[in-house]
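Residue numbers start from 1 in every chain, and the chains themselves are labelled A, B, ... in the order their sequence lines are given, proteins ahead of strands.
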Amino acid sequence: MAERMTLNVPLNRVEGDLELRVELESGVVADAWSSGTMYRGFERLLVGRGALDGLVITPRICGICTTSHLTAAALALDMVAGVQPPPDAVRIRNVALMAEHIQSDVRHGVLMFMPDFTNPAYRAQPLYEEAVRRYRPLKGEAAIEVIKETKRVLEIVAILGGQWPHSSYMVPGGIVSVPGTSDLLQCRQLLQRYRGWYERRILGCTVERWLEVHTASDLAAWLDEREAHRSSELGFYLRFARAIGLHKLGRGHGHFLSYGSLELPEGTQVRGRKGGDTLVPAGFARGTQVDGFEQEQIAEHVAHSWYVDYAGGKHPFEGETRPYATGQESKKYSWAKAPRYDGLPAETGPLAEMVIAGHPLFTDLVARDGPNVFVRELARLARPTELIPAMEAWLAETTGDGKFYVSPGEVVEGTGFGLTQAGRGALGHWVKIENQKIAHYQIITPTAWNASPRDSDGVRGPWEEALIGTQVKDVANPVELGHVVRSFDACLVCTVHAASRGRSLGEATF
Amino acid sequence: MKRIICVGNRYVPEDAVGPRVYDALVQRVLPDDVQVIDGGLAGLDLLRFIEGAERVVFVDRVAGFGGPEEVLILDAAEVATVGGVRYDHAAGLAYLLGVLPEVCEGALPEVLLVGVEGPPDDALVEQAATLSVQLVSGQWSGVRGH
């Protein structure tokens, strides 16, 4: 390979690279190991810094989830300071975070997931040529349109935060910017434009019509109802994904986790699907059986991770990040830790949010076929329908030049955690402040949950488990593995190494 | 408007040259029509800063284009050839410049990259900062490559 390929510097900019090794038996994945190949070390970098420094540093962990990290950092400091931001500050924080989500969800579908439909493996599919026309990298008409249309929606973050990129306007007690009436109007116009385009191009119908789709049979009827439904990106996804059997791929453990997100501000007209105090409810589900969520049940294991060993798992407040890369190489295989909820691995992301919220369509689809690649990506494509109406309501409810901040005083001592839902799922920051300095900081990202290695009991992570049983038709072009990997939308670049009974079959990068 | 966009991660030392050049540039008095942007990890979202600009100079770390501790000038097409054609979470400058002709609204501005080879020292950072200002202002008349 030409050395010049290394120019693409950003490989380690997001969160580091990921390697997935799979073992095939008669062309079927028999085992899988997910390995984070880069030590991040942000937790150690933060220790000893000023109490508020997480607000500036953690948004730079990731170029895509900057607002999610800022939200988690600010929520943790709200708790440390014992301060409740004013209702309009909550609204603005929420809307900015949601703007990031509705951009990311569409980009993932059209720019990352659907380009796999143009893989030569599907050349014989009747819809193949149309897939190429839509999703061909750098040229596909849907791909080009998505880049053009999704670029504007992040202006909402710039307007509300007063700065972009690297906004750090969320602080304990609220936000430091003071959006005026014209700012809010501008945001509403940007959102209105995005909604119109999303309805026309991605859904093929209004958000309200989509929200009437409650069951698998409703979904089939919706697809046949109008040509606009069939030709939208979501309609095309339904047709192509069913044709290639994505509903039979990537089952996994069937455990779902959501920390809950988007606090409902005092006085709002917005309601979550399950009531409660957040738009996106928290919970843990086994299949479609949903239980409550208690953050005390989170623990990180390091038995198979390159960190100094401890028995079982540790809660993030007690957690350690002590790299240890020598010895036990055959057992330890990842720089990622293994987060567990009540001792169990759990997948997180839009599908988990839908199941835990009791969304009727996704509950029905999971009850029928279990979790799978098809329903995971469908949940992501449809998530903006859950968010856009609430964004509109919160922008309309906010008073321009109003009250967006209450002083928390000096942040001197205390502990706090900030739990939210990033684009890819559950994101948490746990912080201890002593003498106005950070004494302890632990971050668990959504990808740490989904791409986790084995835990102390040797139980595979969600993504490792989801690969088991996948039939690879052509080991030189293992597109099926790509579908499974991408359906989790891991915030990493993944290289998959396939081996069959000790024989290396090369590698493919997803 | 002419723009210098510095990209990279200031918390990853080998990738921090862009942010370091940004820090150096904001200490300088620049022409009124030159904007300096800390582009960080924004990748594709930097498109909005290219559109409407008369000329854009990116500053970033490169590898494999020159010898150690060299500061180079690359044009957009040259950078685009080494990027993947697939968008992913690591899609950076090369992807952005590859797709730019298809997605740029309005006139496509002249786009150049000041690339810095190897972990930079202070002198290289200053050299890259000076070169980026000369390029964006149209005042540079040296020999391409160095």
Please report the interatomic distance [atom1]([X]) to [atom2]([Y]), rounded to the nearest 0.5 Å.
X     : Y      : atom1 : atom2 : value
B:L41 : A:T66  : CG    : OG1   : 9.0 Å
B:Y11 : A:T58  : OH    : OG1   : 9.5 Å
B:L47 : A:I147 : CG    : CD1   : 8.0 Å

Non-hydrogen atoms of chain B under 4.5 Å away: do they reach the side chain of A:E145, the backbone, both or neither?
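It is neither, since no heavy atom gets under 4.5 Å.
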Chain B heavy atoms under 4.5 Å from A:L45: which part of the residue, side chain, backbone, both or neither?
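Side chain only.
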Go through B:D45 and A:R107 one step at a time and tell me if the salt bridge (Lys or Arg N to Asp or Glu O under 4.0 Å) criterion holds.
CA-CA 12 Å; B:D45 287 318; A:R107 281 191 176 177; 3.1 Å; yes
Taking A:K148 first and then B:E102, would you say they form a salt bridge - that is, a charged N and a carboxylate O separated by under 4.0 Å?
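Result for this pair is no, no salt bridge flagged.
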Might you work through the side-chain contact (heavy atoms from CB on, under 4.5 Å) test for B:L44 and A:L111, ending with a clear yes or no?
CA-CA 12 Å; B:L44 188 55; A:L111 298 180; 4.3 Å; yes
